[in-house]
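Report on the structure given below.
Proteins get letters first, then strands, A, B, ... in listed order; numbering begins at 1 in each.
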Amino acid sequence: MDILKQRIHSSVYKQLSEAGIGSLKTILLKNELALGQCTKLNHDEIRNIVEEAADIVLKQELQSASEIPAWPRLFTGCDSIDSIIHGGIPVNGITEIVGSSGVGKTQLCLQLSLTSQFPLNLGGLDKGVVYICTEDTFPSKRLMQLVQTFPLQFTELQKIKFGDNIYIQHVSDFEQLRRCLYIRLPQLLAHRKIGLIIIDSIAGAFRSENVDVDYTNRSQELSAIASQLNKLGEMYGVAVVCTNQVTDNIKTGASEPCLGLAWSNLITCRFGIRRHFDSVRLFEVIFAPDLPNISCKFIIKDYGLDGIKNV
Amino acid sequence: MHQPISSLNLPDFKIQELQTVGYHYCTDANKSEKKFASKIQISQWDDLVHTPKTRSALDIYQEECVSGTILTSSKELDEALGGGIPVGLITEFCGEPGCGKTQVCFHLCVNVQLPLWCGGMAGQSIYISTNKGFASHRLREIATACVNNYLSFKAKHCILATSNNDEFCVQSIMRNIRYIGINSHVELVAAFKCMRHWLQENLMIRLVVIDSISAPLKKTEFKERTQMLYNICNDLQILAQQFKFAIIFTNDMTTRITSANSPYHTPSLGDSYYHRINVRVQLSKKD
């Protein structure tokens with residue numbers, strides 16, 4: 001409102017405040033007739049106020065599509081996966097990795113925690129990671145093993161103290177997750193270079209023993225989480241990865257990602273991992289605005305995820 | 001029968017002002033033109049008392065035949081739509097995530113730019129993205145494919161460049177798509193307030209895409225949402241008729257429960273919104 005005060009006549013501003021209009025939001029959401037009604041200003045003055053308010057709220061101009069760069073990518077470190085997803089997971093919106101238990105979602109997330117710290121010329125972001133864990137305990141032993149073995153594949157890589165730049169937070173329900181995203185995370189992002197936020201898993205924060213879930217409430221909660229993740233992602237240029245579990249659809253018998261359409265509508269990309277045969281896994285693009293529905297195979301080794309070309 | 005002043009779209013205090021000075025009917029004002037303008041400052045008086053001329057259905061039909069449609073890149077869909085996406089109306093694409101709504105929007109932004117002689121409108125587009133789905137690199141891929149098709153079509157039919165402005169190339173396509181990213185419902189309303197200004201600056205706009213209309217409204221309350229949607233649809237349709245562009249919304253699906261307690265999927269935003277849009281196309285994936 002202060003910016004608006006500077007842009008319009010003080011007498012007009014006075015009439016606005018006398019009418020009880022205290023925010024730009026009110027100016028924009030009320031229609032012009034109603035605004036005229038309560039402020040007693042004439043049509044042109046109302047038009048001018050509304051245009052100024054809209055200009056301030058938007059903070060940006062129309063850009064031509066040629067000025068919009070392609071999304072930066074964070075490489076996963078697994079060749080076959082990187083080759084089918086344009087080089088890596090996008091630093092844009094929310095990317096979901098869905099799959100049944102033990103299929104390898106956490107393994108991929110741990111590997112991303114390392115690749116995020118790689119320099120830009122190798123496909124990394126040269127920044128740290130926030131790992132929000134909603135399941136059991138954080139697999140620190142496996143992380144340590146990866147720290148010792150994964151970087152060895154990259155001969156040009158300088159020594160990095162990977163463990164120093166991974167910030168781990170345990171949350172067990174929505175309220176704790178909300179506080180983490182709305183209060184703690186913005187403070188951390190303002191003071192440390194973070195390139196990736198991982199939530200492993202999003203479904204874990206919404207587990208309930210109740211058979212009757214309040215779906216409307218859950219929808220609002222999921223919306224709040226997604227909008228905060230998008231806001232922080234855009235503000236600080238951070239990639240966001242959420243893992244999700246699968247549940248069985250009683251009607252169709254097929255397995256589908258947890259949290260329903262309410263969550264599916266909020267994410268930008270969905271990648272799935274499932275068992276192929278033996279220890280071979282299948283990584284597939286379920287949906288993404290810029291990728292076709294292709295898949296590839298990989299296997300989990302002690303040094304990380306390894307792509308398989310022909311099996 | 002004279003039109004009374006009280007029927008005009010003015011705030012109450014303005015109407016009372018006019019009535020105290022002695023104006024009770026619109027025709028009273030026209031009589032003393034000079035004094036009127038200085039006494040009561042209503043700059044939009046002409047717009048207020050303007051009664052639209054009636055037109056016959058034939059006139060409107062003839063206008064529609066000439067205004068053209070935007071090709072969707074799918075012959076069957078174009079046929080089902082009666083030629084393509086119509087101008088001046090809201091066409092909504094709804095469906096589950098991954099069914100192709102954003103892809104259709106990208107295709108439309110490219111196809112609207114095709115020259116008139118091959119089914120396009122040589123127009124520009126405005127793309128309002130609310131869900132982080134605007135992948136400029138994917139748009140570039142689609143533009144490249146369209147240009148290749150266009151060039152091979154020209155070569156096949158031995159069509160020479162008709163004018164020096166035959167600039168249908170990837171760079172010009174990308175330049176003619178104006179993009180803005182929106183993160184909240186307040187920003188969305190602000191964008192629509194600026195829309196008239198944008199249209200006046202770019203008179204070649206023939207398509208406005210909002211992808212998606214439902215994403216920013218998820219956090220609003222039902223009453224606020226209904227009012228907002230009504231205002232948005234109303235304002236857009238008025239602008240679309242005046243400036244002659246097509247409106248595309250994308251909408252997602254939501255889960256409802258029938259009285260028999262079984263869940264089903266239906267487009268979001270409800271029935272009162274459904275009555276405000278003109279065409280709904282539901283996309284789904286074939287397994």
Side-chain angles (χ1 to χ4, degrees), chain A residues 24-25 28-29 31 33-40 42-44 50-51 53-71 86 90 92-94 215 219-220 223-224 226-227 230-231 233-234 251 260-262 264-268 270 286-291 293, chain B residues 9-14 41-44 96-99 102-103 109 126-127 131-141 171 173-184 186-187 189-194 197-198 202 214-215 218-219 224 227-228 231 252-255 262-263 265 268:
Chain A
L24 294 173
K25 184 174 164 186
L28 290 172
L29 294 181
N31 79 26
L33 189 61
L35 273 179
Q37 202 98 312
C38 61
T39 60
K40 310 250 189 293
N42 72 35
H43 178 83
D44 285 337
V50 168
E51 278 172 15
D55 191 53
I56 299 170
V57 164
L58 268 189
K59 301 179 200 114
Q60 48 180 316
E61 304 271 319
L62 280 180
Q63 291 176 279
S64 72
S66 49
E67 294 166 35
I68 311 290
W71 302 333
H86 274 325
N92 175 82
I94 301 173
Y215 288 107
S219 253
Q220 300 279 17
S223 250
S227 86
N230 277 325
K231 182 172 161 203
E234 180 157 347
K251 243 169 83 177
L261 278 178
S264 301
N265 287 328
L266 299 167
I267 55 179
T268 321
R270 171 170 276 161
I286 300 179
F287 65 78
D290 60 339
L291 297 167
N293 297 109
Chain B
N9 206 24
L10 286 169
D12 292 339
F13 75 93
K14 259 290 182 244
Q41 301 118 332
I42 301 182
S43 57
Q44 79 279 32
E96 308 210 346
C99 66
T102 305
Q103 302 303 305
C109 286
I126 294 180
Y127 197 110
N131 59 3
K132 303 270 185 241
F134 188 77
S136 62
H137 45 287
R138 173 61 183 149
L139 185 53
R140 201 175 285 271
E141 273 177 15
Q171 291 94 302
I173 295 176
M174 296 299 279
R175 240 186 300 124
N176 288 327
I177 300 171
R178 300 267 189 277
Y179 161 81
I180 189 164
I182 294 290
N183 299 318
S184 73
V186 184
E187 282 185 34
V189 173
F192 287 124
K193 299 285 183 202
C194 295
H197 181 60
W198 293 340
N202 300 300
S214 47
K218 294 226 182 284
K219 283 164 71 184
E224 198 181 21
Q227 184 70 53
M228 220 182 301
N231 289 335
D252 49 37
M253 306 290 273
T254 185
T255 318
S262 70
H265 291 170
S268 304

Inset, instruction - Identify which part of Thr268(A) has an atom lying under 4.5 Å from any heavy atom of chain B, answering side chain, backbone, both or neither. - result: side chain
Inset, instruction - Determine, for Glu67(A) against Arg175(B), whether the closest basic-nitrogen to carboxylate-oxygen distance falls under 4.0 angstrom. - result: no
Legend entry - Region of Met253(B) in contact with chain A, defined by heavy-atom distances below 4.5 Å: both
Legend entry - Sequence-distant partners of Phe287(A), ring-ring contact (aromatic ring centres under 6.0 Å, His included), two or more places apart: none
Legend entry - Greatest number of heavy atom pairs closer than 4.5 Å to chain B - which of Ala54(A), Ala65(A), Gly93(A): Ala65(A)
Inset, instruction - Say whether, by atom type as modelled, one donor and one acceptor occur between the side chain of Asn92(A) and the main chain of Lys132(B) under 3.5 angstrom. - result: yes
Legend entry - Contact leader toward chain A among Gly98(B), Ser184(B), Ala190(B), where contacts are heavy-atom pairs under 4.5 Å: Ala190(B)
Inset, instruction - Would you mind checking which part of Phe134(B) comes under 4.5 Å of any heavy atom in chain A, side chain (CB onward), backbone (N, CA, C, O), both or neither? - result: both
Legend entry - Audit row: Gln63(A), Ile180(B), side chain to side chain contact (heavy atoms under 4.5 Å, CB included) steps and yes/no: CA-CA 7 Å; Gln63(A) 291 176 279; Ile180(B) 189 164; over 6 Å; no
Legend entry - Any side-chain heavy-atom pair of His86(A) and Leu291(A) under 4.5 Å: yes
Legend entry - Selection from Ile267(A), Leu29(A), Ile286(A) maximising heavy-atom pairs under 4.5 Å formed with chain B: Leu29(A)
Inset, instruction - Below 4.5 Å from any heavy atom of chain A, which atoms of Glu187(B) appear? Answer side chain, backbone, both or neither. - result: both
Legend entry - For chain A, the option from Pro263(B), Cys109(B), Ser136(B), Cys194(B) that forms the most heavy-atom pairs under 4.5 Å: Ser136(B)
Legend entry - Top contributor to chain A interface from Thr255(B), Thr102(B), Asp12(B) [non-hydrogen pairs under 4.5 Å]: Asp12(B)
Inset, instruction - Could you verify whether a donor N or O on one side chain and an acceptor N or O on the other, from His197(B) and Glu51(A), lie under 3.5 Å apart? - result: no
Legend entry - Contact check, side chains of Leu58(A) and Ile182(B), non-hydrogen atoms, under 4.5 Å: yes
Legend entry - Contacting region of Ser219(A) [heavy-atom separation from chain B under 4.5 Å]: neither
Legend entry - Proximity breakdown for Ile126(B) and chain A, heavy-atom pairs closer than 4.5 Å: side chain
Legend entry - Separation of Asn265(A) CG from Asn131(B) CG (nearest 0.5 Å): 9.5 Å
Legend entry - Contact class of Ile177(B) relative to chain A, heavy atoms under 4.5 angstrom: both
Legend entry - Beyond-backbone contact of His137(B) with Trp71(A), side-chain heavy atoms, under 4.5 angstrom: yes
Legend entry - Interchain contact, Asn183(B) with chain A, by part (heavy-atom threshold 4.5 Å): side chain
Inset, instruction - Can you tell which part of Glu224(B) gets under 4.5 Å to a heavy atom of chain A, answering side chain, backbone, both or neither? - result: side chain
Inset, instruction - For each of Lys231(A), Gln220(A), Glu234(A), Arg270(A), tally heavy-atom pairs with chain B at distances under 4.5 Å, and name the one with the top tally. - result: Glu234(A)
Legend entry - Top contributor to chain B interface from Asp290(A), Leu261(A), Leu62(A) [non-hydrogen pairs under 4.5 Å]: Leu62(A)
Legend entry - Interface moiety of Pro69(A) toward chain B, non-hydrogen atoms closer than 4.5 Å: backbone
Legend entry - Crowding at CD, Glu61(A) (>12 non-hydrogen neighbours, <6.0 Å): no
Legend entry - Contacting region of Val189(B) [heavy-atom separation from chain A under 4.5 Å]: side chain
Inset, instruction - Any chance you could lay out the side chain to side chain contact (heavy atoms under 4.5 Å, CB included) test for Thr254(B) and Lys218(B), step after step, and finish with the verdict? - result: CA-CA 11 Å; Thr254(B) 185; Lys218(B) 294 226 182 284; over 6 Å; no
